[in-house]
Peer 1: 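Have a look at the structure that comes next, please.
Bear in mind the structure is a predicted one, so any value in this text is a computation, not a measurement. Numbering of residues begins at 1 and proceeds along the displayed sequence.
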Amino acid sequence: MENKNIGISILKSLIFSYILTGIILCILAFIMYQTEVSTKVANLGVTFTYVAASVFAGFIIGKRMGKRKFLWGLAVGLLYFAVLFLISLLLDQNQALMSGERITAMLLCATGGTLGGALA
């Protein structure tokens, strides 16, 4: 596959994963609005969103690439996390650069992307 097509495929998989993230987070916000769920449930929902979107992105890129699907899934999962990480740094510059929660989120996104690529 050409480099141009690779870049477009990665971009498409990331865009679709962020659309899925938005949909899931809107559903989560609606559920939280309608019910009185705890913060732990909300955090679990956000974690589920990261994993689901990473699996989805890995699956899309794995289908498009055909070879080394799990490695492409890993790359897209890490890119998914990197964009979220940069946005969170821009929005809240007073937070710690790397924390246990961020490392866990990075590992979950990488694992989710790898799983999605392997399933493709």
Peer 1: Taking distance alone, no hydrogens or angles, what donor-acceptor pairs closer than 3.5 Å link side-chain atoms of residues 111-120 to residues at least two apart or in another chain?
Peer 2:
unit_1, atom_1, unit_2, atom_2, d
Thr111, OG1, Leu107, O, 2.7
Thr114, OG1, Ala110, O, 2.8

Peer 1: Under the side-chain contact (heavy atoms from CB on, under 4.5 Å) rule, what do Phe81 and Leu108 come out as? Steps first, then yes or no, please.
Peer 2: CA-CA 9 Å; Phe81 171 78; Leu108 287 173; over 6 Å; no
Peer 1: Identify the two heavy atoms, one from Thr21 and one from Ala53, that lie closest to each other, and give their separation to 0.1 Å.
Peer 2: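 In this case the closest contact between Thr21 and Ala53 is OG1-CB, 3.3 Å.
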Peer 1: Under 4.5 Å between side-chain heavy atoms, counting indirect links through other Ile/Leu/Val/Met/Phe/Trp/Tyr residues: same cluster for Ile60 and Leu11 or not?
Peer 2: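 In one cluster: yes.
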Peer 1: Does a sphere of radius 6.0 Å around CD in Gln34 hold more than 12 heavy atoms from other residues, nucleotides or ligands, not counting ones at 6.0 Å or beyond?
Peer 2: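 Counting other residues, nucleotides and ligands, CD of Gln34 exceeds 12 neighbours.
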Peer 1: Rounded at 0.5 Å granularity, tell me how far CG in Leu84 sits from SG in Cys109.
Peer 2: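 Atom-to-atom, Leu84:CG and Cys109:SG are 6.5 Å apart.
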Peer 1: Using every non-hydrogen atom in the two residues, find where Gly58 and Val76 come nearest and quote the distance to one decimal.
Peer 2: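 Minimum heavy-atom contact is N-CG1, 4.5 Å.
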Peer 1: What heavy-atom pair brings Leu20 and Ala52 nearest, and what distance separates the two atoms?
Peer 2: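 Residues Leu20 and Ala52, closest heavy atoms: CD2-O, 4.0 Å.
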Peer 1: Rounded to the nearest 0.5 Å, what separation is found between the CZ atom of Phe56 and the OG atom of Ser13?
Peer 2: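 Result: 9.5 Å between the selected atoms.
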Peer 1: Look at the side-chain heavy atoms of Ile, Leu, Val, Met, Phe, Trp and Tyr, link any pair under 4.5 Å apart, and say whether Val83 and Leu91 land in one connected group.
Peer 2: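 Yes: a chain of side-chain contacts under 4.5 Å links Val83 to Leu91.
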Peer 1: Going through the checks in order, is the side-chain contact (heavy atoms from CB on, under 4.5 Å) test met by Glu101 and Asn43?
Peer 2: CA-CA 11 Å; Glu101 292 174 358; Asn43 288 337; over 6 Å; no
Peer 1: Taking all non-hydrogen atoms of both residues into account, name the closest pair between Lys69 and Gly62 and its distance.
Peer 2: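 Minimum heavy-atom contact is CG-O, 3.5 Å.
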Peer 1: When hydrophobic residues are tied together by side-chain contacts of less than 4.5 Å, even through go-betweens, does Ile19 share a cluster with Leu14?
Peer 2: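 Per the 4.5 Å side-chain linkage, Ile19 and Leu14 are not co-clustered.
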Peer 1: Below 30° counts as parallel, above 60° as perpendicular, anything between as tilted: where do the rings of Tyr80 and Tyr18 land?
Peer 2: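 Judged by the thresholds at 30° and 60°, the geometry between Tyr80 and Tyr18 is parallel.
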Peer 1: Test of understanding: clusters of I, L, V, M, F, W, Y form through side-chain heavy atoms closer than 4.5 Å, transitively. Do Ile87 and Ile15 belong to the same one?
Peer 2: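 No; Ile15 is not reachable from Ile87 via cluster members.
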Peer 1: Could you tell me which non-hydrogen atom of Ile31 sits nearest to which non-hydrogen atom of Thr35, and how far apart they are?
Peer 2: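 Of all heavy-atom pairs spanning Ile31 and Thr35, the closest is O-OG1, 2.7 Å.
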Peer 1: Which pair of non-hydrogen atoms, one from Phe85 and one from Arg102, has the smallest distance, and what is that distance?
Peer 2: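 For Phe85 versus Arg102, the nearest heavy atoms are CE1-NH1, 2.9 Å.
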Peer 1: Is there a chain of hydrophobic side chains (I, L, V, M, F, W, Y, each step under 4.5 Å between heavy atoms) that links Ile6 to Ile61?
Peer 2: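 In one cluster: yes.
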Peer 1: How far apart are the C-alpha atoms of Ile8 and Lys12, what are their side-chain angles, what is the distance that settles it, and do they pass the side-chain contact (heavy atoms from CB on, under 4.5 Å) test?
Peer 2: CA-CA 6 Å; Ile8 291 172; Lys12 283 182 180 180; 3.7 Å; yes
Peer 1: A side-chain contact here means heavy atoms from C-beta on lying under 4.5 Å apart; do Val41 and Ser38 qualify?
Peer 2: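 A side-chain contact exists here, since the closest heavy-atom pair is under 4.5 Å.
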